[in-house]
Each structure stands twice: as structure tokens, then as C-alpha cells.
Amino acid sequence: MLALENRLVAGRDFNAVYKCGRFFSFENIVLKVAKNGLETTRVGFSVGLKFSPRAVERNQVKRWLREIVKKHLGEMKKGFDVIVMPKKEATFPVRQKLEQNLLSAILRGNLLI
RNA sequence: AAGGUAAAUCGAAUAGUUGCCCUGACAGCAAUGUUGGGGAGGAAAGUCCGGACAUCUACCCGUCACUCACGAGUGACAGGUAAAUUGGUAGCGGGUAACGCCCGUCUGGAGUGAUCCACGAGGUGCGAGCAGAGACGCUUUGAAUAGAAAUGUUCAAAGGUUCCAUGCAAAUGGAAUAAUCUUCGAUAUAAGCUUAGGGUUUACCCUGAGCGAAGUUGAAGGGUGAAACGGCUAAAUCCUUACCUAGAUGCAAGGUCGUGUUCUGUGUUUUACGUAAAUACAGAAAGUGCCGCUCGAGGCUAUUAGUAAUAAUAGUCCCAGAUAAAUAACUAUUUCUGUCUGCCGAUGAGGCAGGCUCGACAGAAUCCGGCUUAUAGAUUUACCUUGAUA
RNA sequence: GGAGAGGUGGCUGAGUGGUCGAAAGCGGCACACUGCUAACGUGUUAACCUUUAACCGGGUUCCAGGGUUCAAAUCCCUGCCUCUCCG
């Protein structure tokens with residue numbers, strides 16, 4: 001689990017990022033990025049009912065994504081709000097694949113230092 | 001030993017590292033830090049029933065305060081109840097806060113058996129079904145139409161009992177009748193089957209008590225013929241009975257100290273008199289903090305009552321409360337599933353070693369009692385059937 | 001989280017035990033009209049399986065499965081899916 005200061009929590013902030021953020025994607029990972037004018041980077045996760053109707057699978061994917069983001073948070077630029085959204089695929093994703101794709105998406109967004 | 005039935009329990013484990021949510025203690029002015037404790041399920045699911053709890057509606061009773069023309073009225077607080085329609089359940093008895101749930105038992109059905117079952121009030125009506133030549137959605141006739149035909153569809157006419165009501169009448173509407181017995185045959189036994197007879201109803205004929213001026217009047221009786229005379233089945237069509245439940249809405253109920261935004265309305269002030277600005281109050285929208293919120297019809301153990309469901313008593317324990325939503329990730333070992341290789345064995349069953357892969361169904365959201373549905377596998381207990389041994 | 005409504009031809013949508021494979025509209029196809037097209041008008045048209053050279057014929061199907069009934073789109077139970085409302 002991420003620390004509280006690195007979490008995107010408020011619905012207001014989410015709406016702002018959805019509206020004004022820039023769009024990046026790699027395979028089954030979608031990013032929305034916007035500057036927030038703060039010292040830290042805040043990350044939110046959006047896994048909808050369309051991804052999987054089962055609550056267990058949605059929670060599982062969210063946990064994996066959180067762990068991956070936590071692992072690589074030090075390598076990312078500061079002062080951004082990011083929303084991570086996985087896209088539905090035919091088969092349930094594997095963790096290593098998810099990590100590669102997320103890193104590639106972050107690279108496209110020029111968020112790495 | 002093999003196969004089965006029922007009930008119950010578990011549903012990966014251990015260690016290390018890195019994190020998250022709630023919370024106690026200590027240090028600190030505070031931010032925060034140190035340290036201790038706890039952190040998903042049997043279904044958390046479906047939302048199919050039942051409650052608790054909360055607010056609102058109506059009514060009743062009580063207490064207090066105020067008003068009064070002494071009849072009463074108004075307000076506050078606390079408690080209780082919920083007309084009718086609708087709805088549900090259904091052998092009998094019990095349990096429960098309550099239930100459509102659970103337990104016991106009776107009857108019926110399935111099974112060799114342990115056991116299992118969404119079988120269980122009554123029905124004279126409506127509408128159906130079985131059997132039958134025939135049960136009115138019928139029978140007969142005619143016409144039209146579809147078809148090669150069998151046959152079907154539509155329309156019209158006629159036919160076969162009684163009573164009541166309305167109407168001058170044609171007619172319309174409603175309600176019903178009620179009875180079977182003996183015997184021969186048949187059959188595994190029987191029957192709504194079959195033979196004969198009696199009785200009942202009805203039609204015709206004969207006779208003609210009575211009444212009348214007059215008969216198309218006709219009691220009782222006799223003869224001949226005819227007869228749908230018998231009342232089976234279901235109740236998740238419908239009706240009745242008994243019992244139960246039922247005011248409405250649901251924690252997004254509801255409450256509250258606040259807090260800023262935006263909009264609308266009203267009032268006041270200022271003046272550049274404009275549809276401006278400031279300010280106060282009220283309302284609305286979206287957002288947000290706290291309470292409700294987890295100690296409960298609670299778990300565990302023991303005893304007592306009871307066949308049991310369950311209840312009572314005593315002891316003991318505190319066991320998730322998140323809100324873009326915690327309960328996790330990684331590594332190692334073990335276990336488990338599948339598969340591959342090698343060895344033992346007989347090429348089978350099985351066992352040993354090693355490699356790889358996967359980890360049943362599934363994630364709390366106010367809380368409980370049930371039901372239903374999903375679920376790899378493991379364990380325990382009791383019982384049944386078959387076989388073997390003693 | 002809680003409360004409710006629905007699922008019927010290609011689409012919309014009526015049908016609450018028998019006359020129903022099923023009203024009506026849109027759509028499709030054919031005919032007619034026109035020099036040609038559109039509109040109007042008339043007729044026709046569900047899908048799948050089986051059989052056939054083809055038509056005809058037979059069977060199954062009203063979200064899925066099970067039950068009640070002589071008979072189910074309709075009544076009862078379970079599941080799946082879709083939609084609406086509640087701060």
C-alpha cells in the first residue's frame with residue numbers, strides 16, 4: 001500500500017485529471033497525467049466493472065499495480081497526478097507482464113528521471 | 001475391505017524482508033517518533049423471506065407546563081398500537097425476536113438398507129381431465145371456406161329436464177335436480193364392465209276419484225317404451241375455511257458541531273444611480289468532517305431441562321470497521337493438483353527420486369436469524385449394504 | 001450498499017392458461033404505378049435442425065434450466081443478463 005501523501009484520493013482531483021490530463025498507453029495499461037503543483041507525485045487507480053465483474057480480480061489487479069508503483073516511485077518525476085487504468089483482455093493478466101507494460105507506459109509519458 | 005447414507009470441522013502451513021487500516025501505552029508544545037495488540041467468509045454472493053434499529057404518518061394512554069368561558073384546548077417528553085383491500089401459510093405437536101426457517105412425529109411415495117422427498121386443510125360452484133356409445137366447448141342439418149383426402153375453421157337453424165325473478169309479450173337473467181338395490185356372467189381380484197329384475201324419473205296408452213254449465217281438466221292405479229339413474233381425478237385456474245402477517249420508508253434510514261464555494265430570493269448600507277459592490281437572513285445545488293459504527297437475539301467451556309430444535313444458569317473471552325475503499329507483495333522450505341523423465345515392479349496396480357506448472361468458489365460496507373446458488377480438496381464421527389476372518 | 005422494473009421475429013413492441021409461431025408499426029422481398037426513381041397502394045416475410053435438386057413436409061424454439069397441468073410465452077422455483085431510482 002502506498003503512503004497517504006502519494007495517493008490520489010479526492011473525487012475532485014480525479015475529475016480534474018480526467019478532464020485536463022494527457023493520455024498515454026502501452027498495450028493494456030492506460031495513463032492519465034496532469035501537473036498538480038505539489039512536491040510529491042500522487043497516483044490513483046481506476047479498475048471498473050468492465051475490467052472484470054468479479055471483485056476478487058479487481059482487487060487483485062489493484063494490489064499488483066500499487067506494489068509496482070511503490071517499487072518504482074523513486075525513479076519517477078515529482079509533481080504529477082497520475083491515474084492508472086488497466087484495459088480488459090481476453091485472459092487474466094500476469095504480474096510480470098503488467099509490470100513491464102506499466103514501465104513502458106511511464107516511459108512514454110516521460111515521467112522517468 | 002469395497003460401495004454408500006447422514007452430520008460436523010477445515011479449506012494451504014512455517015520463517016524472513018518491505019508496506020497498509022484500526023487501536024492502547026510512552027516521549028514531545030506540536031508535527032511526529034518508539035513500542036504493544038488486532039485485521040475477510042462458509043458462503044462475505046443472490047437480495048428470496050424474517051427481524052433489530054431509525055425517521056415520518058395516524059391513533060391511544062401517561063407525566064409536566066401554559067391557557068381557560070372549568071366542558072376542554074395547546075405544547076413538550078416518555079411509552080404503546082396500526083382499520084380495510086392486498087399478501088402468505090396449511091396433517092398433528094413443539095422451538096424461536098420473527099419467518100415461508102428449524103426439530104419431533106403421523107400418513108403417502110422412492111430405496112435391499114442407512115436414509116431421502118418443493119406429498120399433506122376443505123370443495124357443493126366455474127373451467128378442465130380420465131374412462132365411456134354418450135358428461136353440452138354436445139348432437140343433427142344446411143351454407144361458406146382451407147385441403148388430394150381424413151379432417152379443421154366460420155356462420156345459420158333445429159333439438160333434449162325443472163324451478164325462481166323481471167317484463168303485457170317476444171325474451172332476459174339467475175339457481176338447481178340427485179337414488180340406487182338385488183342378481184347372473186366376466187376377471188388374478190375388481191369396476192363406472194356384463195345379464196336379468198326391482199325401484200326412481202320421464203313419454204305414450206288404458207282406466208277415471210274429484211271439480212265444473214262446458215274439459216285441450218286428471219288424484220291414485222295398471223300397461224308399453226325410453227333414460228345423461230353411477231359422481232372417479234387434480235387444486236402452482238378458481239373458491240371456501242382456519243391461522244398468521246401487514247401504516248410508509250429504509251443506514252444513501254437518520255442526527256449533528258461546523259466549514260467554505262456557487263446560485264436564487266428578501267432586507268439594509270455605499271454611490272459612478274447600472275442588471276454594480278458590501279453585508280445579514282432564508283432556501284437550493286454539489287462537496288466535506290463527526291456521530292449512527294460495531295458488545296452482539298455475541299463466541300467458547302461446563303452443568304441442568306428436553307427425544308430434538310432450543311432454553312436457563314455459571315465461568316471466561318473481546319474477535320475488522322475501511323470510505324478512489326486496508327487486511328497485501330516478494331523470497332525460501334514443506335504440503336497439494338496436473339504433467340514429464342528415470343529407477344523398482346510384470347508392459348498392470350503401486351512405490352521412490354528429480355524437473356516444470358497451477359493453487360476450489362470467492363472479498364466485509366448498519367447488524368443479526370434463515371433460505372438459495374457457487375465450491376479443488378482434506379479430516380472426523382455415527383450408521384447401512386455386500387463379502388471375509390475370529 | 002439499499003429499493004424496484006424488465007427479457008417475445010432483423011428493430012420497437014402487444015399478448016396473464018387452449019382459437020398463438022404470436023397483434024401492430026418500422027424494416028426486407030415481390031407486384032403495381034412511372035420514361036426512371038422516391039412516396040402512395042397491394043401482397044408477402046421468424047429462426048434453427050432434418051428431409052429434398054427445389055418447393056412441400058416433420059421437429060425444436062417467446063433469456064436459460066427445472067417443476068405444476070391433459071395443455072405453459074402466460075402459473076411456481078432457481079440462475080443469468082439489462083435498465084431505473086435513492087445522498
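Bear in mind that the values here come from a model prediction, so they are computed numbers and not experimental data. All chains are named by letter (A, B, ...) in the order of the sequence lines, taking the proteins before the strands, and each is independently numbered beginning at 1.
A straight line from CG of Leu65(A) to C1' of rA326(B) spans 17 Å, rounded to a whole angstrom. Whole-Å rounding puts the Asn59(A) CG to rG41(B) P distance at 15 Å. If you take CZ of Arg58(A) and P of rA45(B), they are 13 Å apart, rounded to a whole angstrom. The nearest whole Å value for the distance from the NZ atom in Lys70(A) to the C1' atom in rA326(B) is 13 Å.
Base-pair partner of rC29(B): not found among the strands shown (Watson-Crick or G-U wobble, both distances under 3.5 Å). Across all strands shown, rG36(B) forms a Watson-Crick or G-U wobble pair with rU23(B), both key distances being under 3.5 Å. For rA308(B), there is no paired base (Watson-Crick or G-U wobble, both distances below 3.5 Å). Pair assignment for rC358(B) gives none, since no Watson-Crick or G-U wobble pairing has each distance under 3.5 Å. rU264(B) is paired with rA282(B) under the Watson-Crick or G-U wobble criterion, all donor-acceptor distances under 3.5 Å. In this structure, rC126(B) makes no Watson-Crick or G-U wobble pair, since no nucleotide meets both defining distances under 3.5 angstrom. Pairing for rA73(C) is absent, with no Watson-Crick or G-U wobble pair whose two atom distances lie under 3.5 Å. Applying the Watson-Crick and G-U wobble criteria (two distances, each under 3.5 Å), rG4(C) pairs with rC83(C).
Under the 90° criterion around 0 for the glycosidic angle, rG355(B) counts as anti. For rA246(B), the O4'-C1' to base torsion is more than 90° from 0; the nucleotide is therefore anti. For rG79(B), the glycosidic angle deviates from 0 by more than 90°, giving an anti base. An anti base is found at rC206(B): its glycosidic angle is more than 90° from 0.
For the atom pair CZ of Phe45(A) and CZ of Arg7(A), the computed distance is 10.0 Å after rounding to the nearest 0.5 Å. Atom CG of residue Leu31(A) and atom CE of residue Met85(A) lie 8.0 Å apart, to the nearest 0.5 angstrom. In this structure, CD on Gln60(A) lies 10.5 Å from CG on Leu65(A), to the nearest 0.5 angstrom. Rounding to the nearest 0.5 Å gives a distance of 8.0 Å between OG of Ser46(A) and NZ of Lys62(A). One finds the CZ atom of Arg42(A) at 10.5 Å from the CD1 atom of Ile83(A) (value rounded to the nearest 0.5 Å).
Annotation for Met76(A) and Ile106(A): closest pair SD-CD1, 4.1 Å, computed over non-hydrogen atoms.
Rounded to whole Å, the separation between the C1' atoms of rA252(B) and rU245(B) comes to 29 Å. To the nearest whole angstrom, the two C1' atoms, one in rU82(C) and one in rA64(C), are 15 Å apart. Nucleotides rA297(B) and rC99(B) place their C1' atoms 14 Å apart, quoted to the nearest Å. Using C1' as the reference atom, rA364(B) and rC21(B) are 13 Å apart when rounded to the nearest Å.
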Close N or O pairs between protein and nucleotides 321-324 of chain B (under 3.5 Å):
{"from": "rA324(B)", "atom 1": "O2'", "to": "Leu8(A)", "atom 2": "O", "distance (Å)": "2.8"}

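Each of Glu57(A) and Trp64(A) was assigned the nucleotide of RNA chain B with the nearest heavy atom; the assignment lying further toward the 5' end belongs to Trp64(A).
Under the rule for a side chain to side chain contact (heavy atoms under 4.5 Å, CB included), the partners of Arg22(A) that lie at least two apart in sequence or sit in another chain are Phe24(A). For the side chain to side chain contact (heavy atoms under 4.5 Å, CB included) test, no residue two or more places apart in sequence or in another chain qualifies with Val56(A).
Within the structure, every side-chain polar atom (N or O) of Arg63(A) is placed at least 4.0 Å from both OP1 and OP2 of rG363(B).
Using a 4.0 Å heavy-atom distance criterion, Gln60(A) is classed as a sugar-phosphate-only contact.
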